[in-house]
There are 2 protein chains.
Amino acid sequence: MATIRDVAIRASVSIATVSRVLNNKGKYAARTAKIVQKAAEELGYIPNLTAKSLKTGSSGTIAFVIHDYFLVNYPIILASALNILNAQGFGVEVLTHIGLEGCIRLVRTGKIDGLLIAGIKNEEHALSALVNCGSHFVILGDGVEREDVNVVEVDYFQGGYIATQHLINLGHQSILFIEDNPQLTFTQEIKRGYLFALDENGIQYKEHLLVPGDMLQGEQEGYRFGIGEKEAGVSAMLITDDRIAIKMIRALNEGGQSVPGDVTVVGFGDLSVSRYFDPPLTSVETPLSQMAELGAEILVNNIKRKDSIVKRVKLMVRFIARETHAKRST
Amino acid sequence: MATIRDVAIRASVSIATVSRVLNNKGKYAARTAKIVQKAAEELGYIPNLTAKSLKTGSSGTIAFVIHDYFLVNYPIILASALNILNAQGFGVEVLTHIGLEGCIRLVRTGKIDGLLIAGIKNEEHALSALVNCGSHFVILGDGVEREDVNVVEVDYFQGGYIATQHLINLGHQSILFIEDNPQLTFTQEIKRGYLFALDENGIQYKEHLLVPGDMLQGEQEGYRFGIGEKEAGVSAMLITDDRIAIKMIRALNEGGQSVPGDVTVVGFGDLSVSRYFDPPLTSVETPLSQMAELGAEILVNNIKRKDSIVKRVKLMVRFIARETHAKRST
DNA sequence: CTGAAAGCGCTAACAC
DNA sequence: GTGTTAGCGCTTTCAG
């Protein structure tokens, strides 16, 4: 494994010169540069990044911290962030069972230049500590009170709101709300939007219309839930994940109900997933790749340019009217 | 940011002693240990991993190299590997647009202790180079000729074979083969198994029964392909991905054909995905998590114990008979 | 049992 | 322009 020293010897120059040439920093003669480059080439020299890190204090790798659930169910978040980050020359270390305190510890080991944090419970206290330890980071997805941290999030509240509003406009009053993974922030946000829209329209919220469920990962046939209990008047369903929505439609069909003839179904998710179902799923577009990419870009700018301006962005959501919704029949 | 030096000063001992105590290496008095630990605690000392790496020559991080497609479509591979690797104290850097040469370069930067490689084209030549640069690595999924590299793979050939055999036993002769992402090794393996089974049963392979497709990621409604062209006699379909199979079933239903009444459909994939569809999908179980976990374990053992015994394992596949297959009707 | 000292491979003043 | 030198923070002989 050739070191900078080997290159220096072969090129008959000092290691400092080699460093300068290879990093294109400082001054050096064009002629020496040639010699050095040749030597490096011949030796197949590749700089030791660890040594470089130790000296410069930056590692060129960023931590992508993500909740298990998101990693498995929305891998596009990682993939998108990866694209940006790798293109910018950063390595990406993925961590999944780690809290904010873990992040802090990680930062202090010095192996990370910054963090992209998705779907992690962020307690005020730990967040302060993270800010204080001076690391660059941006939070993906989960809203955060503090105004001095970077946040990129999808406006799930708005999503829940506009979807519900649409349904109400179509005459639906009893709207089943099916939440996959109720404990996740985004689910709660959608619900908030749902409740807000109901309230705004003077519709009384009813407990039994809330169907929690562990449907996506669950091994039980939980998705059939809610069918048997089709209350009188339940004419629409708002579901926090397209995949659940699709299962639900199957279940409804099986139970002899047609969509959207008998029941209207609206999902939540990425365009690509649900457009091709039959009937094409009416859904709320959640720009997850965009979120990840934007977050990555902000992080990189923060790191590279020491650009310490805090960016807080909320990505708009769109109601995608396809074919699983209709006016309330009766 | 407290360094080992700070701890040493506070504990009134030498740096060497601090190192010994904190790493529980070499000899030290129980009494000094107490003092040192207290000092470290009070300072909130966390060792700088970069410095440690530089000195010890191992970084505690392993590279997870995976093809884009797999990352997005089979995130369980990463998640499973991550579980094992993190539990063993390794960090995981994920890389996605990188070839074997890239891996070699990465190894030589010294920031990696080993590699888990999934879905990367492995040319004989680059593989040799990787072996020669002395890094620990295991290949996931794609078979490799060389017998001196660790490989954990799913026996897709067997999968294609047994599935086809089943269909033949049910009386099917014209079996449509729908391959998502034909260029991927595993697809090719399934096809090999399919062709082999046909051949073994003296069934002539027919060109038009092979339906390529970019269906999973494709934005077009490619999955409808093959329906209109239901040739006389096509009574079964073997599909390389459960998700495609499910779309296909929908499409078939829409076209007025019932599954398995008119057409038998068999997919490929993880249990959890397809069990809950209606009708439950007959499929071939591909133990992807197991593959990733096993690969990770082998890698860790290799690194930790310098256990240089090469492990080559092929994971068995199971035909899961559920409800989308039936005897050929006529 | 403990400390002094060398040095992992590299960068960045600082001299020349 | 180029070389010398001093470390980055840590581990690990080697003396004592």
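Just so we're clear, the structure is a prediction, and the values are computed from it rather than from any experiment. Chain letters run A, B, ... following the sequence lines, proteins first and then strands; every chain starts at 1.
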Heavy atoms of other groups near B:M1 CE, more than 12 under 6.0 Å: yes
Integer-rounded Å distance: C:dG9 P and B:N48 CG: 17 Å
Overall bend - the helix from C:dC1-D:dG16 to C:dC16-D:dG1, comparing terminal axes fitted on five pairs, nearest 10 degrees: 40°
Distance in angstrom units between B:K25 NZ and C:dT2 C1', rounded: 18 Å
Non-hydrogen atoms of A:A296 and A:A81 that approach each other most closely: CB-O, 4.2 Å
From NZ (A:K314) to OH (A:Y156), nearest 0.5 Å: 12.5 Å
Heavy-atom donor-acceptor pair, B:R312 side chain to B:V149 backbone, under 3.5 Å: yes
Of the listed nucleotides C:dA4, C:dC8, C:dT11, the one nearest the side chain of A:K55: C:dT11
For atom CD1 of B:I4 and atom P of D:dT11, their distance in whole Å: 5 Å
Sugar-phosphate, base or nothing in reach of B:T3, heavy atoms under 4.0 Å: sugar-phosphate
Charged N-O contact under 4.0 Å between A:E101 and A:R105: no
Donor-acceptor under 3.5 Å (B:S53 side chain, B:L49 main chain): yes
Between C1' of C:dA12 and NZ of A:K52, the distance in whole Å: 13 Å
For atom CZ of A:R108 and atom P of D:dC8, their distance in whole Å: 18 Å
Short side-chain N/O contact to D:dG3 OP1/OP2 from A:Y28, under 4.0 Å: no
Options C:dT2, D:dG3, C:dG9, nucleotide nearest the side-chain atoms of B:T32: C:dT2
Ring geometry between A:F70 and A:Y74 (parallel below 30°, tilted from 30 to 60°, perpendicular above 60°): tilted
Closest-nucleotide ordering on DNA chain C, the 5'-leading residue of A:P47 and B:S14: B:S14
B:K27 NZ - D:dT13 P separation (whole Å): 15 Å
Earlier contact from the 5' end, DNA chain D, for B:T50 and B:T17: B:T50
Touch class at under 4.0 angstrom, heavy-atom based, for A:A29 against every strand present: sugar-phosphate
Atom-pair distance (CG on B:L54; P on D:dG7), nearest Å: 17 Å
Whole angstrom value for the distance that separates C1' of D:dG1 from CD1 of A:I35: 13 Å
Side chain of A:A16 - closest among C:dT11, D:dG3, D:dG9: D:dG3
Check: B:R20 side chain, C:dG3 base, donor-acceptor under 3.5 Å: yes
